[in-house]
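Notes to accompany the following structure.
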Amino acid sequence: MIENNTPRARRTRRQLAASLAAVAGSLTLLVVSPASAVAQDASVTAVAAAPDRQAGHRPLDRVTSLLAERLLVADKVAAAKYGTSLPIEDLVRERQILDDVARRSAALGLDPVRTSAVFRDQIEAGKNVQRALFARWDAHPQERPAERPDLAREVRPVLDRITTELLAALTSSGPARAAASCRFAVTVSAAGQVHVRDLDRVHAVNLFRGLRNVCTG
């Protein structure tokens, strides 16, 4: 991720992650029972007490970890395309990805329409990051990437691997994604990713935008 890495910027991002988790905790009081709220408040406390724990301790952690990883790969996609004739939006490639996801979802017992919506959100989030980076590099030439990754050999294989792992994570987290508390839980989990990965504002905002179709309940 190409970003402002001054101590002040890092401190601001940590405060952002903590604030997002706190907001998620307060919002849940509007949508869950008092007993559930107590249990979920304990979950928020656990996140704050151990923000660096590895994904997988909760069903949705693996999902949000992969969403964050995919979003960071958008930096490399942008670096591969910047200064070339390659467009940010590649509708043919997008259609190939979504058709493949729908086919594989059905074989895994996932709803192809819902699962494709999750991946469509990630594609849009990735394009938003690319646009933001293009604008930054246009305005600040000194920040332009020094190297251009090979899109076909270096970048797309990583995206293909994340697709496979994300499909598996969506399958294994089915009950958690169908639960009434899913929106709260996935928001807190994503806030943890913002903190652990030290995401800047562009990546953090698009990570949260990409959550809207994760929950199925």
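Sequence positions, counted from 1, serve as the residue numbers for this chain.
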Salt bridge check, [Y] against [X]: does any charged N sit closer than 4.0 Å to a carboxylate O?
X: Arg95; Y: Asp99; result: yes
X: Glu165; Y: Arg161; result: yes
X: Lys76; Y: Glu154; result: no

Original post:
Is it true that Val73 and Val205 fall in one hydrophobic cluster, defined by side-chain heavy atoms closer than 4.5 Å?
Top reply: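 No.
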
Roughly how far, to the nearest 0.5 Å, is the [atom2] atom of [Y] from the [atom1] atom of [X]?
X: Ser173; Y: Arg62; atom1: OG; atom2: CZ; result: 11.0 Å
X: Ser181; Y: Leu60; atom1: OG; atom2: CG; result: 8.5 Å
X: Leu71; Y: Phe208; atom1: CG; atom2: CZ; result: 11.5 Å
X: Asn128; Y: His203; atom1: CG; atom2: NE2; result: 11.0 Å
X: Phe119; Y: Asn213; atom1: CZ; atom2: CG; result: 12.0 Å
X: Leu167; Y: Ser105; atom1: CG; atom2: OG; result: 5.0 Å

List the residues meeting side-chain hydrogen bond (donor to acceptor under 3.5 Å, both in side chains) with [X], not counting sequence neighbours, and say none if there are none.
X: Lys81; value: none
X: Gln130; value: none
X: Asp100; value: Arg103, Arg104

Original post:
Taking it one step at a time, do Val118 and Arg120 satisfy side chain to side chain contact (heavy atoms under 4.5 Å, CB included)?
Top reply: CA-CA 5 Å; Val118 173; Arg120 187 179 300 110; over 6 Å; no

**OP:** Provide the closest heavy-atom pair for Asp138 versus Tyr82 in the form atom of the first, atom of the second, distance.
**Re:** OD1-OH, 2.5 Å

Original post:
Is there any disulfide bond (SG atoms under 2.5 Å apart) pair reaching into residues 187-217, and which pairs are they, with sequence neighbours excluded?
Top reply: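 Residue pairs passing disulfide bond (SG atoms under 2.5 Å apart), neighbours aside: Cys182-Cys215.
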
Original post:
With sequence neighbours left out, which residue pairs that include part of residues 203-214 fulfil the salt bridge (Lys or Arg N to Asp or Glu O under 4.0 Å) condition?
Top reply: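 Matches after skipping sequence neighbours: Asp121-Arg212.
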
Subject >> Where at least one partner belongs to residues 173-190, residue pairs that pass salt bridge (Lys or Arg N to Asp or Glu O under 4.0 Å), sequence neighbours excluded >> reply: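 Output for this query is empty, none listed.
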
